[in-house]
Amino acid sequence: MSRLGPGEEFDLIRGILDRCSGLGGDSGPLDASGSVVVGPGDDALVLAGDPPLVISTDMTVEGVHFRRDWISLAEAANRAVLAALSDLAGMAADPLGALISLSVAPEDRASVDQVAEGVANALSRVGAPLLGGALTATPGPLILDVVVLGRAEEPMLRSQVRAGDELWVTGPLGGAGLALRAWMEEEEVPEEARAAFTSPTPRIREARWLTSMGGVRAGMDLSDGLAGDAAHLASASGVGVTLDSAAIPVFPGADLDLALRGGEDYELLVAARPGALDPLSRGFEASFGTRLVRVGRAEGPAGLVLLRDADGVTRPLTEGGFDHFRHSEDP
């Protein structure tokens, strides 16, 4: 199991995994048989195969992840599927398809059609089919659970960062957080920020390109914010991380705090050999229409994330990204 970063949400996950450790986890029969190549703690599960099978699941809950006075149900479903597909990007996997489970009020038949519209739109963007799922009635709230499946010849993992590696992101960061903050404060939401929230781009092609070029050792998708996800990368690899505040690409209208902690950007964070990605950055931008930016280095105390300001002063980022059980208030 890859080590998770700090936070109440991840403490609870560690507790669940400890209780289930003999039921197919690190010491369980599936692991002993060699079927589980990568278990809990990474962006996705990896099962043995030729090529290996990559599986991830993600859940969207009305009132927690979206509100209907903010976005439509079709947009919420589109966003939910794209967010799940981003986990495949974090493993440099090609999507095979998705399983969709929906819980909705029995009288709310129109919502089923709207969710189907959003699911179809998201899957069409990556050319993947709907493979099945489940539909159940609930008094509320609406819940959408997405399981995605993919294949990866060599999955990109969180645990392979080495001291001295450079950290790069596809950017910019903070757009989804900017939209969420505007909704929460009942302000007008910039259209570009709204699009960043409702229709993120899972960087599947970008991850495959980067890993095929060589030099990339590790990576993940950015779902909990750069600060929190850098902590996961540091913990999984047993290294420290220092981020350069001046280098972090910030979404127009957002600020550094949103870029670090806003979450749900669904960009990539990768670690590469020093100098490996510098000659590729222009080709990357030309190919994919987004920047590839060096934001830091694997250095400092193991498991700790530091932020270096423009004057060269570093401080620990003690508060990471989004945590469901720290930020427990309703949106």
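Given the structure is predicted, the values throughout are model-derived calculations rather than measurements.
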Query raised in the report: Do other residues, nucleotides or ligands put more than 12 heavy atoms under 6.0 Å from E299 CD?
Result: yes
Requested in this report: Please check if the side chain of N78 supplies one atom and the backbone of T198 the other of a donor-acceptor pair under 3.5 Å.
Outcome: yes
Query raised in the report: How are the rings of W183 and F197 set to each other: parallel, tilted or perpendicular (split at 30° and 60°)?
Result: perpendicular
Query raised in the report: Do any N or O atoms from the side chain of T211 and from the backbone of V216 form a donor-acceptor pair under 3.5 angstrom?
Result: no
**Report entry** Residues R194 and E75 bridged, charged N to O under 4.0 Å
**Finding:** yes
Query raised in the report: So does E188 have more than 12 non-hydrogen atoms from other groups sitting under 6.0 Å from CD?
Result: no
Query raised in the report: Any salt bridge between R203 and D221, counting N to O under 4.0 Å?
Result: no
Query raised in the report: How many angstroms lie between CG in D265 and CG in L226, if you round to the nearest 0.5 Å?
Result: 9.0 Å
Query raised in the report: With a 4.5 Å heavy-atom cut-off, do S199 and R125 have their side chains touching?
Result: yes
Query - Matching residue for F66 among L180, V61, L73 - test: side-chain contact (heavy atoms from CB on, under 4.5 Å) - result: L73
Query raised in the report: Donor-acceptor pair, D309 side chain versus T314 backbone, under 3.5 Å?
Result: no
Report task. Verify the distance criterion only: is there a donor paired with an acceptor across the side chains of T290 and T170 at less than 3.5 Å? Result -> no
**Report entry** Heavy-atom closest contact (A196 atom, G175 atom, distance)
**Finding:** CB-C, 4.0 Å
Query raised in the report: Quick one: do R181 and D255 make a salt bridge, cutoff under 4.0 Å?
Result: yes
**Report entry** L82 versus P200, closest heavy-atom pair with distance
**Finding:** CD1-O, 3.2 Å
**Report entry** Same cluster (ILVMFWY, side-chain, under 4.5 Å), L88 and V46
**Finding:** yes
Requested in this report: For M91 and A152, work out which heavy atoms get closest and say how close.
Outcome: O-CB, 4.0 Å
Requested in this report: Kindly work out whether a path of hydrophobic side-chain contacts (I/L/V/M/F/W/Y, heavy atoms less than 4.5 Å apart) joins L85 to I100.
Outcome: yes
Query - Single-linkage hydrophobic cluster L256~V169, side-chain heavy atoms < 4.5 angstrom - result: yes
Requested in this report: Report yes if the side chains of R151 and V54 come closer than 4.5 Å at any heavy-atom pair, otherwise no.
Outcome: no
Query raised in the report: Could you state the interatomic distance from CD (E206) to CD1 (I204), rounded to the nearest 0.5 Å?
Result: 9.0 Å
Query - S101-D145 side chain donor-acceptor pair, cut-off 3.5 Å - result: no
Query raised in the report: Which heavy atom in A77 sits nearest to a heavy atom in V119, and how many Å separate them?
Result: CB-N, 4.1 Å
Requested in this report: Determine, step by step, whether V36 and L47 satisfy the side chain to side chain contact (heavy atoms under 4.5 Å, CB included) criterion, reporting the C-alpha distance in whole Å, the side-chain angles of both residues, the deciding distance to 0.1 Å, and the verdict.
Outcome: CA-CA 5 Å; V36 179; L47 299 181; 4.1 Å; yes
Query - Heavy-atom check, side chain of L144 versus side chain of E62, under 4.5 Å - result: no
Query raised in the report: Within a strict 4.5 Å, meaning less than it, do heavy atoms of the L173 and E267 side chains meet?
Result: yes
Query raised in the report: Run the side chain to side chain contact (heavy atoms under 4.5 Å, CB included) check on V104 and T136 step by step: do they pass?
Result: CA-CA 7 Å; V104 65; T136 64; over 6 Å; no
Query raised in the report: Knowing that exactly one of R273, R297, R217 qualifies, which makes a salt bridge (Lys or Arg N to Asp or Glu O under 4.0 Å) with D165?
Result: R217
Query raised in the report: Got L277 and V270 here, is their nearest side-chain heavy-atom distance under 4.5 Å?
Result: yes
Query raised in the report: Once you round to the nearest 0.5 Å, how far does CG of L233 lie from CE of M220?
Result: 6.5 Å
Query raised in the report: Given the rule in the side chain to side chain contact (heavy atoms under 4.5 Å, CB included) test, do V112 and L102 qualify, once you have shown the distances and angles that lead to the verdict?
Result: CA-CA 8 Å; V112 177; L102 174 65; 4.3 Å; yes
Query - Flag for R205-S287: side-chain donor and acceptor within less than 3.5 Å - result: no
Report task. Output yes when R68 and D108 qualify as a salt bridge under the 4.0 Å nitrogen-oxygen rule, no when they do not. Result -> yes
Query raised in the report: Does T57 reach the side chain of L45, with side-chain heavy atoms less than 4.5 Å apart?
Result: no
Requested in this report: Flag the pair P202 / Y266 as yes when at least one side-chain heavy-atom distance between them is below 4.5 Å, and no otherwise.
Outcome: no
Query raised in the report: What are the two closest non-hydrogen atoms of W209 and L280, and how far apart are they?
Result: CH2-O, 3.7 Å
Query - Modelled atom types, side-chain donor and acceptor of S281 and R294, under 3.5 Å - result: no
Query raised in the report: Does R291 CZ have over 12 foreign heavy atoms under 6.0 Å away?
Result: no
Query - Spacing of CG belonging to L317 relative to CG belonging to L307, to within rounding of 0.5 Å - result: 5.0 Å
Query raised in the report: Salt bridge between R308 and D244, side-chain N to carboxylate O under 4.0 Å?
Result: yes
Query - Non-hydrogen atoms of A276 and G215 that approach each other most closely - result: CB-CA, 3.9 Å
Requested in this report: Find out whether T60 and I143 are in side-chain contact, i.e. whether some heavy atom of one side chain is under 4.5 Å from a heavy atom of the other.
Outcome: no
Report task. Determine whether L258 and F251 fall in the same hydrophobic cluster, where Ile, Leu, Val, Met, Phe, Trp and Tyr are linked whenever their side-chain heavy atoms lie under 4.5 Å apart. Result -> yes
Query raised in the report: In Å and rounded to the nearest 0.5 Å, what is the CG to OG distance from L157 to S237?
Result: 9.0 Å
Query raised in the report: Quick one: does R282's side chain have a donor or acceptor within less than 3.5 Å of a partner on P279's backbone?
Result: no
Query - Connected via hydrophobic side-chain network under 4.5 Å: L178 and V250 - result: no
Query - Between CG on residue L167 and CG on residue D229, distance to nearest 0.5 Å - result: 12.0 Å
Query raised in the report: Should L260 and L243 be marked as a side chain to side chain contact (heavy atoms under 4.5 Å, CB included) after you check the CA-CA gap, both sets of side-chain angles, and the distance that decides it?
Result: CA-CA 10 Å; L260 288 169; L243 301 173; 4.1 Å; yes
